[in-house]
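Notes to accompany the following structure.
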Amino acid sequence: MSKKLLAEFIGTFWLVFGGCGSAVLASKFLDLQNQNVNYGISLVGVALAFGLTVLTMAYAIGHISGCHLNPAVSIGLVIGGRFNRAELVPYMVAQVIGAFVGAALLFAIASGKEGFSVSNGFAANGYGEHSPDGYSMVACLVTEVVLTFMFLLIILGATDPRAPQGFAPLAIGLGLTLIHLVGVPVTNLSVNPARSTGPAVFVGGWALAQLWLFWIAPVMGAALAGVVYRVMAGTPQAAKEGIHEATGRPHYEYAPQR
């Protein structure tokens with residue numbers, strides 16, 4: 001268990017440091033006569049950075065902890081019958097601590113440049129006046145629920161023992177990239193309570209006051225995906241787990257959902 005928790009800590013650290021770091025350090029704008037001109041990696045670069053953090057960690061630690069890196073993912077996997085509920089709370093604690101350490105290291109680096117201020121957002125998630133493009137609380141809530149739901153469906157489907165083996169990290173990493181392309185203008189995109197908590201601690205004020213949405217919405221979306229996938233795919237019969245002779249990987253028998 002300690003090895004799993006260490007893997008989740010390191011993986012979530014990398015997600016926040018790499019993903020949020022790309023937004024804080026590499027997505028830059030120049031104000032030319034009141035017009036913002038981007039000369040950094042912009043939205044596409046930030047979306048790719050988040051996707052790449054998950055893709056690289058899925059290959060690095062997926063065989064150790066499953067590479068959840070996200071309390072909502074862990075909850076969705078429990079509801080989907082893929083994860084032991086007894087390990088849920090320790091996983092969530094390791095993920096939040098990893099996110100905090102990632103944000104702390106990013107803050108230490110970013111604050112080394114003259115003029116840095118967390119008032120610029122520090123990649124924190126927000127709604128209303130703190131939404132990148134000014135979307136309402138309801139719009140942000142719907143966005144986070146729907147995108148987390150789709151992200152969990154991708155995870156559950158790609159890691160299903162019946163799916164093609166070895167490609168799950170690619171599907172999950174590209175899936176996270178896609179939902180960032182959609183969601184960054186709305187909320188800076190969370191779909192991950194730990195990722196939201198790390199930067200919010202350093203921004204404080206409004207970021208902490210709005211943090212509730214970025215816990216509730218991803219958990220709602222993940223829980224719904226866990227239920228829907230079990231209806232579509234059937235229920236994994238963990239008691240019948242064995243090792244597939246051809247692949248050497250865990251093999252499950254599935255029963256139709258009743």
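Below, each value reflects all heavy atoms present in this structure, side chains not excepted, and no hydrogens, waters or symmetry copies. Predicted model, so just to flag it, every value in this text is computed and none were measured.
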| query | Will you find, in the side chains of Thr159 and Arg82, an N or O donor that is under 3.5 Å from an N or O acceptor? | reply | yes
| Do Val191 and Phe214 have side chains that get closer than 4.5 Å, going by heavy atoms? | no
| field | Flag side-chain contact, heavy atom, 4.5 Å: Thr143 against Tyr135 | value | no
| said: Can you list everything that forms a ring pair (Phe, Tyr, Trp, His ring centres under 6.0 Å) with Trp206? Sequence neighbours excluded, please. | reply: His130
| field | ring pair (Phe, Tyr, Trp, His ring centres under 6.0 Å) involving Phe50 - partner list, sequence neighbours excluded | value | His180
| task | State which residue, out of Glu87, Glu8, Lys4, Lys3, fulfils the side-chain hydrogen bond (donor to acceptor under 3.5 Å, both in side chains) condition with Ser65. | result | Glu8
| query | Phe13: what forms a ring pair (Phe, Tyr, Trp, His ring centres under 6.0 Å) with it, not counting sequence neighbours? | reply | Phe17
| Partners of Ala99 by side-chain contact (heavy atoms from CB on, under 4.5 Å), sequence neighbours excluded? | Thr12, Val16, Ala194
| message | If the condition is side-chain contact (heavy atoms from CB on, under 4.5 Å), which residues does Leu178 pass it with, not counting sequence neighbours? | response | none
| query | Hey, are the side chains of Leu156 and Leu77 touching, using non-hydrogen atoms and a 4.5 Å cut-off? | reply | yes
| remark: Between His68 and the options Phe151, Phe9, Tyr91, the ring pair (Phe, Tyr, Trp, His ring centres under 6.0 Å) test singles out Tyr91
| message | Under 3.5 Å, is there a donor on one side chain and an acceptor on the other for Ser196 and Asn125? | response | yes
| request: Identify the heavy atoms of Ala233 and Asp160 that sit nearest to each other, and give their distance. | output: CB-OD2, 4.3 Å
| query | Are Leu189 and Glu144 side-chain neighbours, meaning at least one heavy-atom pair lies under 4.5 Å? | reply | yes
| remark: Output for pair (Asn192 CG, Thr148 OG1), nearest 0.5 Å, gives 8.5 Å
| query | Side chains of Trp215 and Thr197: do they bring a donor and an acceptor to under 3.5 Å? | reply | yes
| Any sub-3.5 Å donor-acceptor pair from Arg230's side-chain atoms to Ile79's backbone N or O? | yes
| Nearest heavy atoms of Ile172 and Ala158, plus distance in Å | CG1-CB, 4.4 Å
| field | Results of ring pair (Phe, Tyr, Trp, His ring centres under 6.0 Å) for Phe202 - residues two or more places apart only | value | Phe100, Phe107
